[in-house]
Protein chains: 2
Amino acid sequence: MKDLVSYCPIEEVMQVLSGRWPTLLVYYLKDGVKRFSDLKRDNPTVSHKMLTFELRKLENAGIVQRKVFEGYPLRVEYSLTAAGQGLVPLIDALGDWWNQLPAEASVPQTLQQPAFTGQ
Amino acid sequence: MKDLVSYCPIEEVMQVLSGRWPTLLVYYLKDGVKRFSDLKRDNPTVSHKMLTFELRKLENAGIVQRKVFEGYPLRVEYSLTAAGQGLVPLIDALGDWWNQLPAEASVPQTLQQPAFTGQ
DNA sequence: CGGTATCCTCGGAGATACTG
DNA sequence: CAGTATCTCCGAGGATACCG
């Protein structure tokens with residue numbers, strides 16, 4: 001469905017890579033094959049559901065390969081596809097670029113400070 | 001600041017570039033100086049508040065420069081900083097990478113996808 | 001014109017529990 | 001162990017209005 005969006009591919013990539021986890025997962029997977037529980041351990045703060053969803057997203061994008069081993073207990077291995085491996089240097093380049101930024105780039109978060117929904 | 005789960009710069013960059021607008025704005029600004037209303041016109045679906053916020057975010061990150069002209073009516077011009085211009089080729093590289101993906105690559109829908117009005 | 005403040009909604013995402 | 005389903009809640013972000 002690369003076609004349902006705009007004509008700018010960047011917009012599409014960002015739909016896949018946006019968020020906290022996608023790039024991190026790619027990063028952890030760059031070391032090699034990982035199981036679901038491995039990734040969970042690598043990212044202690046990601047919820048079970050989120051991890052499943054993000055992995056699915058990366059899989060659908062052709063970045064991550066999912067391999068199921070039937071049996072008990074279940075076992076699933078995740079790894080980067082060839083395309084996914086091509087992503088790694090690009091992400092690295094972004095990281096390098098960030099590190100070379102002149103000053104302290106602050107990245108505050110919330111759109112608005114609550115300012116009291118008092119009572 | 002949100003707590004980072006890792007110390008890799010990637011997580012930090014993604015806090016700035018994640019979402020629908022940041023990369024798009026960088027892209028529109030790559031053509032040169034733009035006024036607030038220009039960017040609003042370029043992105044018909046972005047809300048006033050969002051645009052302000054995203055621009056602020058990019059400014060704080062050192063990617064975008066903001067220049068105010070006193071007077072009436074108000075006038076503000078936005079442009080890429082040198083660092084911001086360094087970002088452009090990286091974003092382009094991501095776009096190219098995306099275009100070379102096998103065609104089955106699909107964009108997710110479940111998470112925040114306000115349905116692009118493909119301009 | 002560009003920015004800020006307020007209100008309000010809706011869906012993102014955590015917690016939990018169940019299945020294969 | 002991996003994945004799915006439910007419920008719930010909070011806050012991102014749209015709409016609106018006003019100010020410099």
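Since the model is a prediction, treat every value here as computed from it, not as a measurement.
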Within this structure, what is the CZ-to-C1' distance between Arg35(B) and dG2(C), rounded to whole angstrom?
9 Å

Do the side chains of Arg56(B) and Glu54(B) get close enough for a salt bridge, i.e. N-O under 4.0 angstrom?
no

Point-to-point distance, once rounded to the nearest 0.5 Å, from CD1 of Ile91(B) to CG of Leu24(B):
9.0 Å

Leu39(B) CG to dC1(C) P, straight-line distance once rounded to whole Å
14 Å

Taking the minimum atom-to-atom distance to the side chain of Arg56(B), which one of dG2(C), dG3(C), dA2(D) wins?
dG3(C)

Reading DNA chain D from 5' onward, which residue's closest nucleotide shows up sooner: Tyr78(A) or Val46(B)?
Tyr78(A)

Give the minimum heavy-atom separation between Pro9(B) and Trp98(A), together with the two atoms involved.
CB-CD1, 3.9 Å

If hydrophobic clusters are built from ILVMFWY residues whose side chains come within less than 4.5 Å, do Phe69(A) and Val33(A) share one?
no

Value in whole Å for how far the P atom of dC1(D) lies from NZ of Lys40(A):
10 Å

OP1 or OP2 of dG3(D) versus the side-chain N and O atoms of Arg66(A): is any pair under 4.0 Å?
yes

Euclidean distance, atom CG of residue Leu51(B) to atom C1' of dG2(C) [Å, nearest integer]:
10 Å

Looking at Arg20(A) and Glu11(B), is there a salt bridge between them, counting it only when a charged N and a carboxylate O are closer than 4.0 Å?
yes

Rounded interatomic separation in angstrom, taking NZ from Lys67(B) and C1' from dG2(C):
17 Å

Check nucleotides 7-9 of chain D against the protein and report each pair of N or O atoms closer than 3.5 Å, with its distance, or say if there are none.
none

Give me the residues of residues 68-75 of chain B where at least one heavy atom lies under 4.0 Å from an atom of DNA chain D, by number, or none.
Tyr72(B), Leu74(B)

Specify the closest pair of heavy atoms between Val46(A) and Lys40(A), including all atoms of both residues, with the distance to one decimal.
O-CE, 3.9 Å

Just the rounded figure in Å: distance from C1' of dA12(D) to CD of Gln15(B).
15 Å

For His48(B) together with Phe36(B), are the ring centres under 6.0 Å from each other?
yes

Nearest-angstrom distance from the residue atom CD of Glu59(B) to P of dG2(C)
15 Å

Base of dG3(D) paired with side chain of His48(A) (donor-acceptor, under 3.5 Å)
yes

Below 4.0 angstrom, N of the basic side chain to O of the carboxylate: do Glu59(B) and Lys57(B) qualify?
no

Tell me, please, which residues at least two apart from Val88(B) pass side chain to side chain contact (heavy atoms under 4.5 Å, CB included).
Val26(B), Lys30(B), Leu80(B), Asp92(B)

Take atom NZ of Lys57(A) and atom C1' of dG12(C), then tell me their distance rounded to the nearest Å.
12 Å

Is the phosphate of dG2(C) approached by Ser37(B) (side-chain N or O, under 4.0 Å from OP1 or OP2)?
yes

